[in-house]
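Input: a single structure, listed below in structure tokens.
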Amino acid sequence: MAPRYALAPDPHGPGGRLQPLADDGTPLGAPHHAPALATAVARIEAAEQPRWVFAAADSGYAPLLPVRLARCHDLRLTEPLLLGHEGHWGEPRSLGAAWARVHGRPVPADLPEAGAADDDQASLFAPDRLQLPPGVDPLEAVVTVHADQQRRLSAVRDAGERARLRLLVAAESAGGLLAAEIAADGLPWRADVHDLLLTELLGPRPQIPGARPRLVAELAAELQQALGGRPFNPDSPDQVLRAFAEQGVKLPSTRSWELRRVDHPAAELVIRYKELSRLHTAHGWAWQSAWVRGGRFRPEYVVGGVVSGRWASRGGGALQIPRILRRAVVADPGWSLVVADAAQLEPRVLAALSEDAGLARTAAEGDLYEALAATAFQGDRSKAKLGLLGAMYGQTSGDIGPLLATLRRRYPAAMGYVEAAARTGEDGGIVRSRLGRTCPPPSAEWLDRTEAADPGDEAGGRSARARGRFTRNFVIQASAADWALAMLAGLRRRLAALSSGADRPHLVFFQHDEVMVHTPSDLADRVAAEVAAAADEARALVFGDTPVRFPLSTAVVDCYADAK
DNA sequence: TACAATGACACA
DNA sequence: TACGTGTGTCATTGTA
């Protein structure tokens, strides 16, 4: 019974090799070849539930689906976590680079990131991106690098820190599995509802691709009339500003909040035009034909794509679906959507991180801002919220000074925590999330600007403060991402235990502090309970013994738009 | 023609 | 009420 298996798919064909491993990565016996890798993996998974060691789950797991794996160790996702933790942020992070470091060989530079832009024929047939030197056996490389990563994890001195970093590696790796599953399953998307919505708001689909839909074109014409009648392109901020100037209206920019303050009939039209035009270009018919197929929206997620550990997405803008389009996300007949988002996650994370007893009391349950207002802001919830957000993001302008002063007096530990993180950043230091994700060090240019600068130098001071805001926010955003990842990994495990087979609940969406499960309706209530349990489990795993709670607002709905 | 920078706005 | 972090995408505009 091996706790771990390394695997390497054959470059061509359905087979692959498997190598049982001990926990520390020591090979147990000889590798064996499976003519049908997915079948062999499914059999071993059913019997042993090992931790699968992938070079990269995103490419290694997808071909095995619909086989579901419980646990993995993703070498590609783990390497940057370790390099960052060890203070080697800029080092190449490919499997080949990690292999070369173990063997003291020349380390190959990383290839540029694959983006949607170069996702063409050429790159489809490009050699893999592992960067292994010619002649190196991929399975041997996976085994070697895994053993090295396990050794480096064990080398973390402090036991608590070591345990947390291991948790981070496991959660990040689970994210790798999940992202592949979500990509394969897709988000339920009703193209007909989307169509109807577009037609209602924009007019019928233009016959000529690229043409403005009727209502957008009419709005553009109306706008031109309202600004003197001379033709101009409403998509060009420059031309819009000039058209307004000709009417005697001086504007610093065409930002919508700026336009809202302008007393001119054309301002409203510009705002409306931009809204509709954006819907058409970003999420219109072209978007639908590119990204929606077979009743599912299939974006690509990039696990750890943001330095803070949040996921990013590539193509389709999966993490920026405008609210109005949530109408199109509808459960299949007989199925429901369980939508859950963590309420006030970031201030709760601050309370737990800083162990500020007072703030933790306000975060023990219910509405955190309400509780904060009651104890420190004479019941004014908006002040409480503004002040706390300002503290977490490093806001200095506006009338926020007195609010920050109040917070500093009432919650010295919490405010001290973010201010210490800000000072570390301003001084060029690095900070880490709760589980040990490390922020990037300052760039060489930053060091030039700040260290060479005189004390009174404006540019240097600005750069320093900007980095202070970044590190101040990093400790919170990245620790929130730690919690979310742990919650997600737990929820994934719980859903698998709830039901297997074709009509099991699927995680179909994840956006920073929000998850969505598509489930047979008769399981929806149990899914909702598992979401709550996963949230509490993540609280204990990530923050241990804290009075802070992380409540979720959960809705069981047919349509995403009906959640909250 | 292709790419980068910019402005704007969507999401957390 | 309007500037405080992190992203992705599109159209325009300027440069290679």
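Every chain is numbered from 1, with letters handed out A, B, ... down the list of sequences.
For Phe543(A) and Phe550(A), the ring centers are positioned less than 6.0 Å apart.
Remark: the Asn473(A) side chain and the Thr471(A) side chain contain no N/O donor-acceptor pair separated by less than 3.5 Å.
For the side-chain contact (heavy atoms from CB on, under 4.5 Å) test, residues two or more places apart in sequence or in another chain that qualify with Arg469(A) are Arg465(A), Ala466(A).
At a cut-off of 3.5 angstrom, the base of dA8(B) holds no donor-acceptor pair with the side chain of Arg278(A).
OP1 or OP2 of dA8(B) has not a single side-chain nitrogen or oxygen of Lys274(A) nearer than 4.0 Å. Here Gln395(A) does not reach the OP1 or OP2 of dA2(C): none of its side-chain N or O atoms lies under 4.0 Å away. Put simply, Ser256(A) has a side-chain N or O that comes within less than 4.0 Å of OP1 or OP2 on dC9(B). Applying the 4.0 Å criterion to OP1 and OP2 of dA12(B), one finds that Arg323(A) has a side-chain N or O inside that range. For dG4(C), the OP1/OP2 oxygens have a side-chain nitrogen or oxygen of Ser397(A) closer than 4.0 Å. For the OP1/OP2 pair of dT7(C) and a distance below 4.0 Å, the side-chain nitrogens and oxygens of Arg310(A) include no atom meeting the criterion. Between Ser236(A) and the phosphate of dT13(C), there is a side-chain N or O to OP1/OP2 separation shorter than 4.0 Å.
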- Message: Wobble G-U and Watson-Crick pairs count when both distances are under 3.5 Å; given that, what is the 5' to 3' dot-bracket string of DNA chain C, with | for pairing to other strands?
- Response: ....||||||||||||

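Taking the nucleotide of DNA chain C with the nearest heavy atom to each of Asn233(A) and Ser308(A), the more 5' of the two is matched to Ser308(A).
The ring-ring contact (aromatic ring centres under 6.0 Å, His included) with Phe297(A) is formed by just one residue from the set Trp287(A), Trp291(A), Tyr560(A); it is Trp287(A).
Ion pairing of Arg423(A) with Glu426(A) is absent here, as no side-chain N (NZ or NE/NH1/NH2) approaches a carboxylate O to less than 4.0 Å.
When distances are taken from the side chain of Gln320(A) to each of dT12(C), dT7(C), dA12(B), the shortest belongs to dT7(C). In the set dA2(C), dA12(B), dA8(B), the nucleotide with an atom closest to the side chain of Arg255(A) is dA8(B).
Expressed to the nearest 0.5 Å, how far OG of Ser479(A) lies from CZ of Arg432(A) amounts to 12.0 Å.
Counting any heavy atom pair closer than 4.0 Å across all strands shown, Gln477(A) reaches a base atom.
Ala174(A) and Ala489(A) get closest at one heavy-atom pair: CB-CB, 3.7 Å.
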